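First comes the structure, then the notes that go with it.
Within every chain, numbering begins at 1; the chains are lettered A, B, ... in the order of the sequence lines, protein sequences first and strands thereafter. Basis for what follows: all heavy atoms, side chains included, without hydrogens, waters or symmetry-related copies. Note that the coordinates shown come from a computational prediction; the quantities given were computed from them, not determined experimentally.
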Amino acid sequence: MVFKPTNDLDTYISHENTCETGVVRSNIFMNYIQNGPIIKNKDSLVSSFVPDEIIHRDEEIAQISSVLAPSLRGYQPNNLFIYGTVGTGKTITMKFILSELIRTANQNGGGVKPIYINCKMKRVADTEYRLIAQLLKEMGVYVPDTGISTNILYKRFFEEIEASKDSIFIIVLDEIDALFKKIGDEFLYNLTRSSSELENTKISIVGITNDLSFYDRLDVRVKSSLGEEEIVFKPYNALQLRDILLGRCITGFSAMPEGGVINKVAAMAAHEHGDARRALDLLRVAAEIAERFNDTMIEERHVDMAQDKLDLDKTVETVRSQPRHSQAVLYAMIKLHEEGKNKNSNRVQVQGNGVHWADKRLLTGDVYDRYKSICNAHKMPTLTQRRVSDLIGELDMLGIINARVISKGRYGRTRQITLALSDSVLRKTTNLLKERFV
DNA sequence: AGTCCACAGGAAGGGCAGGCGA
DNA sequence: TCGCCTGCCCTTCCTGTGGACT
């Protein structure tokens, strides 16, 4: 059988790693070498890549630079908060500015020490202890993962800071809202209050967040000790996204995409709140798919397939990495969803138009009952409803389900749950969970 | 207006694994 | 080795909620 490229993602995936005979060939990489890749420099096609020039962010760069510039003269910059939705270039702009700041500081004798930490990284800075430990690690100080009290850790941290005489530390906390959600704002208070007592060095904090209401939720005493400045990054529009993509195409591809590809990717990403990260992911995956099809150019159909693949990969991987009980809860929802669908389709056949098409909304109590029966069938201990309620909340936060609290009057308050998965993603997820719970 | 239901969700604490320091 | 510290996962207890029902 000769495999012809199609627009069907399942066909693509199922043939992704096979050959005509199903026998593994010894020259499996030959096609890649012979046909020549579309991708010239993959690094420049990922969202974390910091290019030499940041476009469409001149105003923001000027604003942030003016806030941080006093550090070059030995003065403490104001604390700064940067807001903006996902993929608006906050992180990349900040990293660009930090590299420029270091370069300029080095030319002028040093003294500025930026530390960048992503607070969303699991087991890196998702607790107060880990945050301070990570700050110390960034300063070259070994810290054990556990075993030391947080107070002692703070003490060590400020001792290290003080030892760096006449320096200005700029601590950039990316996704600071994630840390705030976990541990509150005490760490901000501790950092700002203690830093005001330092004699030889100074600390400034730059918080980056997607949450525009973040500052409003801080405690009053934290707000007063922060005394912050704020900058909001607006979403990119389709034209700006197109410019960004064109820039990355030049550095990333040896063959430019087909005519409408860039516009299509830009339009799709602009539709998703001007998300440049999504635009780059789409373009990169489309290029990878085109290469695997041995095509010489990225076409619009590759972009459509990339869109499906990104959604699929993200969700299935998320489900795969969940704890077993979370998977059991999700499996309970999928089973109830399937049964509801079948039941209603039968009823439609029997009763004609008298019954509405599948009511796919599930309730917490039903999900919990089914979850318990799945646990019993697999000899797993059952978690309490309280805990399962939290797991449902986590699945909601991950975007796998939509859960909304409703009141059914005297029949109580509950969560109304719907699956937030497309058909192809649901199929893959169901297969994955069936393997775990057969 | 008061009652009731089926939870939601906050707070507190238990048990566990693992590291540090005396 | 032991006590103390941590994070993590979990349970128990409790109060709050909001719309239907009486």
Side-chain angles (χ1 to χ4, degrees), chain A residues 117-160 173 175-187 190-191 213 217-219 318-333 336 359 361-376 378-398 400-418 420 436:
Chain A
I117 289 179
N118 186 340
C119 302
K120 217 169 186 177
M121 292 281 282
K122 272 213 158 193
R123 302 193 174 274
V124 172
D126 53 353
T127 65
E128 189 171 14
Y129 181 93
R130 284 175 183 163
L131 171 69
I132 306 303
Q134 189 61 30
L135 285 170
L136 279 163
K137 282 174 191 167
E138 293 287 337
M139 295 164 75
V141 180
Y142 168 75
V143 179
D145 290 341
T146 60
I148 300 175
S149 83
T150 310
N151 287 341
I152 291 173
L153 218 54
Y154 267 112
K155 192 163 164 272
R156 278 196 200 171
F157 172 66
F158 285 115
E159 280 170 3
E160 282 297 322
L173 301 174
E175 312 264 12
I176 193 171
D177 51 304
L179 187 55
F180 172 73
K181 270 181 203 155
K182 282 215 158 195
I183 62 168
D185 53 13
E186 196 67 23
F187 71 99
N190 290 339
L191 278 177
S213 65
R217 288 188 281 121
L218 292 176
D219 192 274
T318 306
V319 172
R320 198 193 302 276
S321 64
Q322 289 306 298
R324 192 163 165 78
H325 283 286
S326 276
Q327 292 179 342
V329 171
L330 180 60
Y331 191 51
M333 291 172 188
L336 287 169
D359 180 20
R361 291 167 189 168
L362 316 169
L363 302 177
T364 302
D366 300 333
V367 171
Y368 185 63
D369 289 343
R370 179 53 62 93
Y371 157 80
K372 279 195 291 189
S373 64
I374 289 171
C375 286
N376 290 337
H378 293 87
K379 308 249 185 305
M380 287 165 61
T382 312
L383 300 180
T384 58
Q385 184 152 342
R386 175 70 188 86
R387 180 66 190 136
V388 168
S389 176
D390 281 344
L391 295 182
I392 291 172
E394 285 168 21
L395 290 171
D396 184 26
M397 273 188 46
L398 290 168
I400 296 168
I401 60 168
N402 291 317
R404 191 166 60 95
V405 178
I406 57 155
S407 174
K408 285 154 60 77
R410 74 171 305 165
Y411 303 107
R413 227 167 141 245
T414 184
R415 274 201 188 106
Q416 200 174 56
I417 302 159
T418 49
R436 306 263 158 120

> What nucleotide, of C/dT11, C/dG19, B/dA8, holds the atom closest to the side chain of A/Arg410?
Replying inline: C/dG19
> Does A/Ser407 make a side-chain N or O approach to OP1 or OP2 of C/dT17 shorter than 4.0 Å?
Replying inline: no
>> Below the 4.0 Å mark, does B/dA6 have OP1 or OP2 next to a side-chain nitrogen or oxygen of A/Thr414?
In response: no
>> Measuring from atom CD1 of A/Ile392 to atom CD of A/Gln385, what distance do you get when rounded to the nearest 0.5 angstrom?
In response: 8.0 Å
> Taking side chain as C-beta onward, heavy atoms only, is A/Leu398 less than 4.5 Å from A/Gln322?
Replying inline: yes
> Over how many whole Å does the gap from A/Arg413 atom CZ to B/dG9 atom P extend?
Replying inline: 7 Å
> Looking only at side-chain N and O atoms, does A/Arg387 come under 4.0 Å of OP1 or OP2 in C/dC10?
Replying inline: yes
>> Checking contacts here: which listed nucleotide (B/dC7, C/dC21, B/dA8) is nearest the side-chain heavy atoms of A/Val405?
In response: B/dA8
> Any salt bridge between A/Asp390 and A/Arg386, counting N to O under 4.0 Å?
Replying inline: yes
> Taking all atoms of both residues into account, what is the closest heavy-atom pair of A/Leu363 and A/Gln416, and its distance?
Replying inline: CD2-CA, 4.2 Å
>> Rounded to whole Å, how long is the line connecting atom CZ of A/Arg404 with atom C1' of B/dC7?
In response: 15 Å
>> From CD1 of A/Ile406 over to P of B/dA6, roughly how many Å is that when rounded to an integer?
In response: 13 Å
>> Classify A/Ser326 by what it touches in the nucleic acid, base, sugar-phosphate, or nothing, heavy-atom distance under 4.0 Å.
In response: nothing
> Starting at CG of A/Asp366 and ending at P of B/dA6, how long is that distance when rounded to a whole Å?
Replying inline: 12 Å
> Just how far, in rounded Å, is P of C/dC8 from CZ of A/Arg324?
Replying inline: 23 Å
> Taking the side chain of A/His325 as heavy atoms from C-beta outward, which of C/dA20, C/dC10, B/dG9 is closest to it?
Replying inline: C/dC10
>> Classify A/Leu383 by what it touches in the nucleic acid, base, sugar-phosphate, or nothing, heavy-atom distance under 4.0 Å.
In response: sugar-phosphate
> Which pair of non-hydrogen atoms, one from A/Pro381 and one from A/His325, has the smallest distance, and what is that distance?
Replying inline: O-CE1, 2.9 Å
> Separation of A/Leu391 atom CG from B/dA8 atom P, in whole Å?
Replying inline: 12 Å
> Do any side-chain nitrogens or oxygens of A/Thr364 fall under 4.0 Å of OP1 or OP2 in B/dA8?
Replying inline: yes
> With no angle test and no hydrogens, is the base of B/dG9 tied to the side chain of A/Arg386 by a donor-acceptor pair under 3.5 Å?
Replying inline: yes
> For the pair made of CZ in A/Arg415 and C1' in C/dG18, what is the distance, rounded to whole Å?
Replying inline: 16 Å
> Rounded to the Å, how far apart are A/Lys408 NZ and C/dG18 P?
Replying inline: 17 Å
